[in-house]
Amino acid sequence: MNEKKHIILFLVGDYLAALASWTLFYIFRKVYIEPEKFGYKVPLIFGSHFLYAILVIPFLWLLIYYVSGFYRGIYKKTGLDNFFNTFVSTFIGVIIIFFTLILDDTISSYRFYYFSAGGLYCIHFAVTFIPRQLIISFTNCRIKRNIIGFPALIAGCGTEAFNLYSQIKGKSDNLIVGYIKTQPQALDVLADLLPCLGKIDTASQIVREYKIKEVLIAVDPSDSKLAEKIIGAFDYPEITIKIIPSLYQKLRGKVKLTYIFDSELIRVISQMMPVWQENLKGLVDIVISAIMLLALSPLCLLLALGIKCTSPGSVIYSHERIGRYGKVFKIYKFRSMYEDAEENGPELATKEDKRITPLGRFMRKLKLDEIPNFFNVLKGDMAIVGPRPERKYYIDQIVLREPTYLQLLKVKPGITSLGQVKFGYAENVDEMIRRFKYDILYMENMSIWVDMKIVIYTFFTILKGKGI
């Protein structure tokens with residue numbers, strides 16, 4: 001059973017648990033709470049209110065679990081993870097249900113509120129926790145028996161890598177598929193034991209081709225810069241990165257480290273946002289994008305007619321940009337330049353650029369040309385807030401002068417960004433590098449609240465007609 005099927009198993013289990021818990025709670029109210037409240041036996045009838053509730057409430061619970069991050073990294077779940085996630089998620093869900101459905105009940109004493117909320121919490125927690133725990137225990141058993149494993153690679157090829165491979169071979173849930181050579185001149189002692197999958201520069205290709213889930217870093221402890229480079233190259237949300245203990249002191253303070261007892265390795269945590277914030281950000285992006293596209297559809301129609309009537313060519317302009325983890329995607333915009341404006345190759349727009357149409361100049365000033373970007377958000381290629389995506393042609397030039405620019409590829413590119421509102425459009429590579437400093441600052445302080453500030457700042461900047 002693969003990871004997607006396990007996720008579906010959890011989803012189905014949580015959905016059925018939510019149905020069962022609400023049904024049991026409904027019976028609990030009818031049999032125990034309401035007779036004591038009204039002074040007579042209340043008939044147990046599953047009416048329209050109950051039916052409406054079971055159509056909505058299970059999806060509310062699934063939404064809470066998704067935002068909490070429970071469905072991420074399910075093969076790594078432990079009983080303790082399950083307890084805390086179910087404990088906190090149930091508390092949040094019960095609070096929401098209490099204030100939306102239970103608070104309007106007619107009561108003779110406030111203790112009935114306590115009985116209702118407490119009863120719902122205990123029932124839902126038990127009905128949800130137990131099936132989850134059974135699935136987790138069954139999965140962990142299969143992992144220990146090596147029925148389920150995690151494709152992993154060793155980053156390194158020297159003595160440290162050889163020692164690590166010798167220690168974990170046959171004793172780990174990792175399925176070592178190969179190693180990468182971290183330095184061209186390094187002594188290669190793994191060549192006869194494992195296949196070489198490539199180099200650090202081909203990290204994204206290796207991850208996709210071999211479906212890598214874990215990266216085990218085993219390089220010379222004195223070369224912490226190399227370890228940091230490897231961590232940056234393999235910093236994917238679905239990948240667990242671990243280092244040998246001798247690297248701990250060198251990297252402490254530079255990356256987040258979690259010591260795993262009885263293990264030959266220490267786990268590196270590089271999450272820039274808490275999981276719940278990252279999931280909530282993605283959910284909010286989709287909802288807002290759908291609303292914006294619907295609300296702005298009349299304006300989009302007018303702009304499309306204007307573009308078609310004022311200059312020959314297509315209404316929508318699209319070209320390739322580089323997204324998260326180097327993924328290539330097509331960005332959509334309303335065409336603001338004359339057709340074949342880049343027939344001589346990529347060229348950044350300038351303030352007095354003659355390639356921009358009169359209508360295009362108006363659209364660019366108010367960022368109306370980027371409305372179709374919301375389609376990219378719905379597709380999952382972009383976010384509302386994040387560093388602006390660039391073309392490979394310019395990224396290659398920037399990286400030669402500012403290698404850390406590749407750090408921006410750890411997050412989804414956005415429609416607007418701190419770099420856009422603080423700096424604006426870049427007309428050359430020098431300005432792109434200067435704008436990059438703001439985007440790195442954003443990455444170091446990512447949060448839902450920072451995103452909200454950037455969106456508000458963007459809105460007022462557009463209203464002032466400054467263009468960004």
Side-chain angles (χ1 to χ4, degrees), residues 9-72 74 77-137 274-281 283-284 287 447-449:
L9 183 61
F10 274 113
L11 285 169
V12 172
D14 286 342
Y15 179 83
L16 294 176
L19 282 177
S21 66
W22 185 256
T23 303
L24 291 172
F25 173 65
Y26 184 83
I27 295 171
F28 171 72
R29 292 180 68 190
K30 293 294 182 182
V31 173
Y32 176 72
I33 295 180
E34 291 187 3
E36 187 175 345
K37 179 169 65 175
F38 298 124
Y40 58 85
K41 188 175 182 180
V42 177
L44 181 60
I45 300 174
F46 296 94
S48 58
H49 287 91
F50 170 77
L51 295 177
Y52 293 147
I54 63 172
L55 288 175
V56 176
I57 287 177
F59 293 102
L60 169 65
W61 284 111
L62 292 182
L63 180 62
I64 291 171
Y65 301 147
Y66 166 75
V67 172
S68 73
F70 182 79
Y71 302 121
R72 178 181 291 188
I74 57 170
K77 296 291 181 205
T78 65
L80 200 58
D81 293 332
N82 179 30
F83 177 83
F84 281 114
N85 185 281
T86 309
F87 183 89
V88 175
S89 299
T90 302
F91 179 79
I92 294 171
V94 168
I95 292 296
I96 294 172
I97 292 173
F98 178 81
F99 282 102
T100 54
L101 297 179
I102 299 176
L103 194 61
D104 290 337
D105 284 0
T106 302
I107 61 169
S108 57
S109 171
Y110 277 99
R111 67 190 181 93
F112 290 110
Y113 280 149
Y114 304 140
F115 288 154
S116 291
L120 177 58
Y121 186 92
C122 293
I123 291 170
H124 187 87
F125 178 84
V127 173
T128 305
F129 176 79
I130 294 172
R132 281 181 169 186
Q133 192 61 32
L134 291 174
I135 297 172
I136 289 172
S137 298
V275 174
W276 72 269
Q277 282 199 33
E278 187 175 337
N279 289 338
L280 183 60
K281 173 182 168 73
L283 191 65
V284 170
V287 172
S447 72
I448 294 291
W449 326 120

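Computed over heavy atoms, backbone and side chain alike; hydrogens, waters and symmetry mates excluded.
The distance from atom CG of L63 to atom CG of L280, rounded to the nearest 0.5 Å, is 8.5 Å. Atom CG of L62 and atom OG of S89 lie 11.0 Å apart (nearest 0.5 Å). Distance check, rounded to the nearest 0.5 Å: CD1 of I135 to CD1 of I130 gives 12.5 Å. Going from atom CD of E278 over to atom CD1 of I448 covers 9.5 Å, rounded to the nearest 0.5 Å. Atoms CG and CG, on L11 and L16 in that order, are 11.0 Å from each other to the nearest 0.5 Å.
A distance-only check finds a donor-acceptor pair linking the side chain of D81 to the backbone of T78 [under 3.5 Å]. Judged by distance alone, the side chain of Y121 and the main-chain N or O of F87 form a donor-acceptor pair under 3.5 Å.
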Q.
Assess the residue pair W276 and F70 against the criterion (side chain to side chain contact (heavy atoms under 4.5 Å, CB included)); give the C-alpha distance rounded to whole Å, side-chain angles, the decisive distance to 0.1 Å, and a yes or no.
A. CA-CA 9 Å; W276 72 269; F70 182 79; over 6 Å; no
Q: Kindly indicate, with the supporting measurements, whether the criterion side chain to side chain contact (heavy atoms under 4.5 Å, CB included) is fulfilled by F125 and F83.
A: CA-CA 9 Å; F125 178 84; F83 177 83; 3.7 Å; yes
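Take A17 and apply the side chain to side chain contact (heavy atoms under 4.5 Å, CB included) test, not counting sequence neighbours, and it matches V127, T128. F59 pairs by the ring pair (Phe, Tyr, Trp, His ring centres under 6.0 Å) definition with Y15, not counting sequence neighbours. Under the salt bridge (Lys or Arg N to Asp or Glu O under 4.0 Å) criterion, K281 pairs with D451, sequence neighbours left out. Under the rule for a side chain to side chain donor-acceptor pair (under 3.5 Å), Y66 has no partner lying at least two apart in sequence or in another chain. Residues passing the side chain to side chain donor-acceptor pair (under 3.5 Å) test with S137, sequence neighbours excluded: none. For S21, the side chain to side chain donor-acceptor pair (under 3.5 Å) test picks out H124, with sequence neighbours left out.
For the pair I96 and I92, the minimum side-chain heavy-atom distance is below 4.5 Å. By the 4.5 Å heavy-atom criterion applied to side chains, R132 and N85 are counted as neighbours. A 4.5 Å side-chain heavy-atom check between W61 and D14 finds every atom pair outside the cut-off. At least one side-chain heavy atom of L120 sits less than 4.5 Å from a side-chain heavy atom of W22. Contact of the N279 side chain with the R72 side chain is registered, since non-hydrogen atoms from C-beta on lie closer than 4.5 Å. For the pair L60/I97, a side-chain contact is recorded, criterion being any heavy-atom separation below 4.5 Å from C-beta on. Contact check for L101 versus I57: side-chain heavy atoms found under the 4.5 Å cut-off.
The nearest pair of heavy atoms linking P58 to A53 is CD-O, 3.9 Å. Minimum interatomic distance between I136 and F10 (heavy atoms only, all atoms of both residues): CG1-CZ, 3.8 Å. Here the closest heavy-atom approach between residue F98 and residue A117 is recorded as CD1-CB, 4.0 Å. Contact detail for F25 and G119: the closest heavy-atom pair is CD1-C, 4.3 Å. Between L19 and I54 the shortest heavy-atom distance is CD2-O, 3.6 Å.
Ring centroid separation for the pair F46 and Y26 comes in under the 6.0 Å cut-off.
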